[in-house]
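Below you'll find the structure, written out as structure tokens, and then a few comments.
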Amino acid sequence: MRRRSSTSRHQEEMEKANGKPPPMRLCLLATLSAMFWIMIFYFHFAVLSGKPDADQSVLYSSSSNHHPEAYEMLKLAKMDQGLKGFPFTRALRTIENKSDPCGGRYIYVHDLPSRFNTDMLTDCRKLSLWTNMCKFTSNVGMGPPLEDADGVFSNTGWYATNQFAVDVIFNNRMKQYDCLTKDSSIAAAVFVPFYAGFDIARYLWGYNISVRDAASLELVDWLMKRPEWSVMGGRDHFLVAGRITWDFRRLTDNETNWGNKLLFLPATRNMSMLVVEASPWNANDFGIPYPTYFHPAKDADVFIWQDRMRKLKRKYLFSFAGAPRPDNPESIRGQIIDQCRNSKICKLLECDLGESKCHSPSSIMKMFQSSLFCLQPQGDSYTRRSAFDSMLAGCIPVFFHPGSAYIQYIWHLPRNYSTYSVFIPEDDIRKRNVSIEERLKQISPDIIKQMRETVIGLIPKLIYADPRSKMETLKDAFDVSVQAVIDRVTKLRKDMIEGREDKEFIEENSWKYALLEGGQRTVGAHEWDPFFSKLKDTNGDSASSSAEAAKNSWKNEQRSQA
């Protein structure tokens with residue numbers, strides 16, 4: 001038997017003296033540690049997998065308190081286990097890849113036949129009865145450049161953009177999106193580049209319902225045959241239409257009813273449709289901003305404009321650009337015009353048929369830039385482009401109906417509407433004859449300054465950047481919208497994995513659900529109930545407002561182009 005050398009004994013004694021265990025003890029400790037984690041995972045999967053979630057939560061709670069690394073590992077293990085059997089497994093896993101800047105943000109774009117998009121632009125003269133849309137579809141949807149005759153625009157980025165041109169602008173912005181993928185299995189959402197707004201615009205007047213519905217039915221038939229559709233039955237798909245929702249919500253198949261039935265088709269009820277005005281009572285459409293005249297190519301363009309709006313001297317307390325609605329007894333526009341006319345600190349631009357400064361972009365922007373507050377009553381429908389033009393000019397909007405902004409643009413505007421706008425209920429004007437001037441005079445200069453700064457800070461989220469370029473750090477209306485769709489699809493996927501289903505969801509209360517804070521799931525009484533408590537038909541829409549609002553909107557379009 002060989003005796004250990006004195007050198008070996010001396011080294012071992014030195015290691016003990018220094019508090020370092022010998023290599024064999026290190027190996028033993030590593031083995032015990034590995035066995036500990038093996039037992040943890042065995043206990044989790046073999047013992048707890050068949051127990052209720054409540055039992056598992058005890059382990060997660062304990063692990064998170066004492067072993068945070070173990071908690072994260074178990075959480076990921078549970079997610080992987082839950083993902084089994086779901087076709088969107090790879091898409092969700094990309095979120096965990098922190099080294100991938102596109103993880104959880106990939107968009108797959110369907111390669112639609114050209115009849116659903118580009119062919120419409122080729123035949124652009126048929127897109128409107130009253131407007132030559134060919135010039136407005138130029139410059140990737142922004143329209144012709146604007147001349148700065150009144151000195152109200154900045155040097156670059158200003159175009160005569162049509163208010164219904166979002167179809168083209170959005171599609172061209174998508175071509176510049178930094179996380180496009182050809183692999184639909186990793187896509188966070190699927191974009192359908194169908195020019196839905198331009199499609200219906202061709203056939204709203206003088207065409208039967210078969211013609212109006214044809215492209216929508218063909219699109220759905222094409223999509224449902226695609227493997228991407230089967231992943232979630234279309235619930236991860238979205239498309240954009242630059243018109244109000246009522247153009248796509250024909251209530252019946254009566255030939256005299258307005259619009260097509262795109263948003264009432266069973267398949268499209270699963271999709272998300274982004275429109276410039278959404279329905280308060282339906283869950284498959286979402287409001288995005290009307291396009292303004294400003295389409296910056298880089299961050300600096302926006303910063304320069306914001307600084308300019310901050311420094312302007314505004315000589316009018318409030319202003320209004322619009323026409324009365326004598327055929328609508330519920331409209332308060334006539335009273336608003338009267339109040340503005342009778343005030344020495346209100347600027348009025350009256351819009352009507354024929355020549356009018358109200359139809360001049362420079363005249364409109366000049367008025368908004370000279371006003372502290374801009375009145376934004378309902379248009380022919382709830383919303384109007386003017387609200388976005390005024391905020392672009394740093395003018396604080398005054399709304400008279402919550403459907404004009406507060407329940408519409410929940411992705412782009414703060415939930416706390418009092419931070420950036422003034423709300424005066426319509427009945428205060430209609431029945432109580434409240435003075436708008438006196439109401440606005442009650443707001444202190446300090447509060448006005450704060451509100452104007454908030455409005456100016458919102459500008460990047462309310463405009464669509466030039467689709468031919470890309471801003472460096474700012475997120476525009478396109479970026480905000482795409483991220484909101486991704487967040488919605490991701491939440492839906494996680495709910496499916498965890499077996500969560502909101503069986504109490506009431507679609508006609510969609511506007512209430514949109515206002516809930518994170519984590520909230522139930523709705524109750526709301527101060528705005530009187531504004532949305534009209535009698536509904538069986539489809540959940542207000543039969544008295546949808547078709548008439550859309551028809552009136554077209555009348556106004558004709559008026560504005562005269």
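Ion pairing between a basic and an acidic side chain is recognised when a charged N comes within 4.0 Å of a carboxylate O; R173 and D476 show such pairing. Salt-bridge formation is detected for the pair D213/R250: a Lys NZ or Arg NE/NH1/NH2 atom is positioned less than 4.0 Å from an Asp or Glu carboxylate oxygen.
A donor-acceptor contact shorter than 3.5 Å links the side chain of D299 to the backbone of E472. No donor-acceptor pair closer than 3.5 Å links the side chain of S331 to the backbone N or O of N328. Between the D301 side chain and the A297 main chain, a donor and an acceptor come within less than 3.5 Å of each other. Looking only at distances, a side-chain donor or acceptor of R415 sits under 3.5 Å from a matching main-chain atom of L516. Not a single donor-acceptor pair under 3.5 Å links the side chain of W246 to the backbone N or O of W258. R202 places no side-chain N or O within 3.5 Å of a backbone atom of K126 that could act as its donor or acceptor partner. Checked by atom type and distance alone, the side chain of Q369 never pairs as donor or acceptor with a backbone atom of A393 at under 3.5 Å. Proximity of a side-chain donor or acceptor of T268 to a complementary backbone N or O of L265 within less than 3.5 Å is detected. Listed for the R430 side chain is a donor-acceptor partner under 3.5 Å among the backbone atoms of E330. Of the possible polar contacts, none joining the Q408 side chain to the G287 backbone as a donor-acceptor pair under 3.5 Å is found.
To the nearest 0.5 Å, atom OG of residue S481 and atom CD1 of residue I288 are 5.0 Å apart. Interatomic distance, NE2 of H237 versus CZ of F194, reported as 14.0 Å (0.5 Å rounding). Distance check, rounded to the nearest 0.5 Å: CD1 of I337 to CD of Q339 gives 11.5 Å. The line from CG of L348 to CD1 of I336 is 10.5 Å long, rounded to the nearest 0.5 Å. The structure places OH of Y159 at 15.5 Å from OH of Y293, a figure rounded to the nearest 0.5 Å. Taking CG from L262 and CD1 from I200, the interatomic distance works out to 8.5 Å, rounded to the nearest 0.5 Å.
By the side-chain contact (heavy atoms from CB on, under 4.5 Å) test, Y316 is found to be paired with K347, S370, S371, residues two or more places apart in sequence or in another chain being considered. Under the ring-ring contact (aromatic ring centres under 6.0 Å, His included) criterion, Y409 pairs with F388, sequence neighbours left out. With sequence neighbours left out, F238 forms a ring-ring contact (aromatic ring centres under 6.0 Å, His included) with F191. The side-chain contact (heavy atoms from CB on, under 4.5 Å) search around S343 returns F318, I345, C346, E437, not counting sequence neighbours. Scanning for side-chain hydrogen bond (donor to acceptor under 3.5 Å, both in side chains) contacts around R125 gives an empty result, with sequence neighbours left out. For R384, the side-chain hydrogen bond (donor to acceptor under 3.5 Å, both in side chains) partners at least two apart in sequence or on another chain are Q376. In terms of the ring-ring contact (aromatic ring centres under 6.0 Å, His included) criterion, H295 has no residue partners (sequence neighbours excluded). Every residue meeting the salt bridge (charged side-chain N to carboxylate O under 4.0 Å, His left out) condition with R385, not counting sequence neighbours, appears here in chain and number order: D389.
P144 and N139 make their closest contact through CA-ND2, 3.9 Å (heavy atoms, listed as atom of the first residue, atom of the second, distance). The minimum heavy-atom distance between A477 and P289, with the atom names listed, is CB-CG, 4.1 Å. Across every non-hydrogen atom of W281 and E508, the tightest pair is CD1-O, 3.2 Å. Taking all atoms of both residues into account, the shortest heavy-atom contact from D199 to A215 is OD1-CB, 3.4 Å. Smallest separation of non-hydrogen atoms from S421 and Y406: OG-OH, 2.7 Å. Minimum interatomic distance between S216 and N260 (heavy atoms only, all atoms of both residues): OG-ND2, 3.6 Å.
Taking a 6.0 Å sphere around CG of N155, one finds it holds 12 or fewer heavy atoms contributed by other residues, nucleotides or ligands. The number of heavy atoms from other shown groups lying within 6.0 Å of CZ (F505) is above 12.
Ring to ring, F399 and W528 are not that close: their centroids are 6.0 angstrom or more apart. With ring centers used as reference points, H412 lies 6.0 Å or more from F286.
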task = For side-chain contact (heavy atoms from CB on, under 4.5 Å), just list the numbers for L127 and F136, CA-CA rounded to whole Å, side-chain angles, deciding distance to a tenth of an Å, and then say yes or no.
result = CA-CA 11 Å; L127 294 178; F136 291 114; over 6 Å; no
side-chain contact (heavy atoms from CB on, under 4.5 Å) between F198 and D123, intermediate numbers included = CA-CA 11 Å; F198 285 163; D123 208 9; over 6 Å; no
request  = Begin from the C-alpha positions of E426 and Q378 and carry the test side-chain hydrogen bond (donor to acceptor under 3.5 Å, both in side chains) through to its verdict.
outcome  = CA-CA 10 Å; E426 287 180 335; Q378 293 188 71; 2.6 Å; yes
task = Quick one: do D479 and Q483 satisfy side-chain hydrogen bond (donor to acceptor under 3.5 Å, both in side chains)? Show the steps, please.
result = CA-CA 6 Å; D479 293 315; Q483 188 58 53; over 6 Å; no
task = For V485 and W411, run side-chain contact (heavy atoms from CB on, under 4.5 Å): C-alpha distance rounded to whole Å, both residues' side-chain angles, the deciding distance at 0.1 Å, then the answer.
result = CA-CA 10 Å; V485 170; W411 297 341; 4.0 Å; yes
key: Test log, rule side-chain contact (heavy atoms from CB on, under 4.5 Å), inputs L440 and L372   = CA-CA 10 Å; L440 297 179; L372 288 173; over 6 Å; no
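The list of side-chain hydrogen bond (donor to acceptor under 3.5 Å, both in side chains) pairs with a residue in residues 444-464, not counting sequence neighbours, reads R310-E453. Residue pairs meeting the salt bridge (charged side-chain N to carboxylate O under 4.0 Å, His left out) criterion with at least one partner in residues 284-295, sequence neighbours excluded, are R249-D285. Within the structure, disulfide (SG to SG under 2.5 Å) contacts touching residues 369-416 (residues at least two apart or in different chains) are C374-C395. For the salt bridge (charged side-chain N to carboxylate O under 4.0 Å, His left out) condition, no pair includes a residue of residues 148-171, sequence neighbours left out.
F531 places none of its side-chain heavy atoms less than 4.5 Å from the side chain of Y382. Between L146 and S362 the shortest side-chain heavy-atom distance does not fall below 4.5 Å. Counting heavy atoms from C-beta outward, F478 and P467 have side chains that stay 4.5 Å or more apart.
By the 6.0 Å and 45° rule, R243 stacks over the aromatic ring of F164.
Using modelled atom types and a 3.5 Å distance limit, the side chains of S272 and R488 yield a donor-acceptor pair.
Classified by interplanar angle (parallel below 30°, tilted 30° to 60°, perpendicular above 60°), the ring pair H526/W511 is perpendicular.
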